[in-house]
There are 2 protein chains.
Amino acid sequence: MTPLTETPITTADKTFISLRKDIVEGSIAAGSKLNEAELSTKYAVSRAVIREAINKLENTNLLERKANVGAKVVTLSQSGLIQLYQVRESLEGMAARLAAANMTNNEIDQVNTLLQQHSGSVKESQRYYQEAGDVDFHYRIVLGSHNQHLISMLMNNIYHLVRMYRVQLGMAGPRVTTAFAEHQHIVQAISNRDQELAEILMRRHIAYSRNNIEQKLQDTPL
Amino acid sequence: MTPLTETPITTADKTFISLRKDIVEGSIAAGSKLNEAELSTKYAVSRAVIREAINKLENTNLLERKANVGAKVVTLSQSGLIQLYQVRESLEGMAARLAAANMTNNEIDQVNTLLQQHSGSVKESQRYYQEAGDVDFHYRIVLGSHNQHLISMLMNNIYHLVRMYRVQLGMAGPRVTTAFAEHQHIVQAISNRDQELAEILMRRHIAYSRNNIEQKLQDTPL
DNA sequence: ATAAGTATTATTGTCGACAATATTCACAAA
DNA sequence: TTTGTGAATATTGTCGACAATAATACTTAT
């Protein structure tokens, strides 16, 4: 299940999504320079389209542009990861708080159903949950905040870069089961409409998650 | 004193800044549609430049684009303002926390000096502080977080829209002196390296500020 | 051999024209 | 009058070419 259905209309949009995918998954290497002419032939579109896609990518924090020089894919670093997760903790904490205030009963039921479904697959294969399940859960909470700025910032500016770290550093990890329990507690707080607790639990959850990734990063440094 | 010196290089950058100014200050009306050809003649640049500027403006939350239809300046609304301040509270709270952890002693000294300077002008004319002083203070804290994502999000995605609300709803307000005291307390907490308190105080400060603006909004509804 | 300055090449920025899509207007039918 | 259909118009999306800037290679002098 894809949580948010992006429907690219223009070729610039499609190119943007292709480029983003290639960067996140590393087929365009971190730190490498983007040559507009090259990309133009590679994706079989005009340079104007490439430029528009690059402009859009700039917002996603996946690359940096310098005037008259060009665009470079970001480099992954420990400090970059920490900074990213600090922002995540801040924004998703607020999202959980707002979700406790603003989610409809119907939305809360759906999240509960989602967790029940996951509970099964957690026991069997831990793999599934970590990939799609975790993302799904966080999406629901963020959308449940009903705050357009919050949603846009996390979806567009944060999550793709988070995924880039996950993919390129090969995060899978044994944190699956404890993370699942944490998710349950967060939903519990939201069900109780306890804004304060929902925020605290979500912030802790993300802080734990960061520690986990950081530890992996010690083993396989950049 | 301008806190962050933007140095536009290309004509697209310059046009972007001009357009942003005109939108924030309302000479291009909120809710109005942007016609690329019109703007092209108005700013005396090609349509390509206008399009690049519009693309950049999309990130600032000052306008919305729809494929094959065009870009519209955002409309100001009470719920929009509340949502904006919720995000601000979240991000600037974290910024204050990180500032308490990461600011150099030198940076802290500079903020203290800044507040002392303001303390004089607060007694005389309240006007100055509310405009430049408040902005200056918040910039220092945000920059003091030493978190690039946080800085970028607030500077690029949030503050211009905040200013648009302020300008177009004519916020000046008698909150000057109490806000000044709040600023002092925040700096005190940062000086003490008390992350927890710095975050709490900043969040309260912004919540108060939001209430203040909301109240004004009751008097002059949109 | 090295350094500085200049010429050459490569790459990004800007432009005007054309294509594709959406909007508006006119007309006809109910 | 209102509604639906089609043509005409306006607007955005895409393209290739040229201009401006940066990166590279070459030459020359010390």
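The shown structure was predicted, so the numbers you read here are calculated from the model rather than taken from an experiment.
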> Tell me: OH of B/Y43 to P of C/dT14, nearest whole Å?
Replying inline: 16 Å

>> Nearest whole Å is fine: how far is C/dG16 C1' from B/R47 CZ?
In response: 10 Å

> How many Å lie between CD on A/E36 and P on D/dA22, as a whole number?
Replying inline: 15 Å

> Any side-chain N or O of B/N68 under 4.0 Å from OP1/OP2 of D/dT12?
Replying inline: no

> Do NZ/NE/NH1/NH2 and the carboxylate oxygens of A/E36 and A/R47 come within less than 4.0 Å?
Replying inline: yes

>> Between A/R51 and C/dG13, is there a contact of a side-chain N or O with OP1 or OP2 at under 4.0 Å?
In response: yes

>> If you only use heavy atoms from C-beta on, which nucleotide in D/dC15, C/dA22, C/dG13 is closest to the side chain of B/T10?
In response: C/dG13

> Can you tell me how far P of D/dT14 sits from NZ of A/K56, to the nearest Å?
Replying inline: 11 Å

> Between atom CD1 in A/I50 and atom C1' in C/dT11, what is the gap in whole Å?
Replying inline: 14 Å

> Could you state the CG-P distance from B/N35 to C/dA22, rounded to the nearest angstrom?
Replying inline: 17 Å

> Between C/dT21 atom P and B/K66 atom NZ, what is the distance in whole Å?
Replying inline: 17 Å

> NZ of A/K21: more than 12 outside heavy atoms within 6.0 angstrom?
Replying inline: no

> Taking for each residue the nucleotide of DNA chain C bearing the nearest heavy atom, is the 5' side occupied by B/E52 or by B/A67?
Replying inline: B/E52

>> If the cut-off is 4.0 Å, is A/S46 near the phosphate of D/dG16, judged by side-chain N/O to OP1 or OP2?
In response: no

> About how many Å separate OG1 of B/T41 and CD1 of B/I50, when rounded to the nearest 0.5 Å?
Replying inline: 8.5 Å

> Base, sugar-phosphate, or nothing: which does B/I9 touch, judged by heavy atoms less than 4.0 Å apart?
Replying inline: nothing

> Less than 4.0 Å between a side-chain N and a carboxylate O, is that true for A/E52 and B/R65?
Replying inline: yes

> Using the ring of each side chain (for Trp, its six-membered ring), is A/Y159 parallel, tilted or perpendicular to A/Y139, with breaks at 30° and 60°?
Replying inline: parallel

> Rounded to the nearest Å, what distance is computed from the NZ atom of residue B/K72 to the P atom of nucleotide D/dT12?
Replying inline: 12 Å

> Hey, does the side chain of B/K33 come within less than 4.0 Å of D/dT12's phosphate (OP1/OP2), counting only N and O?
Replying inline: yes

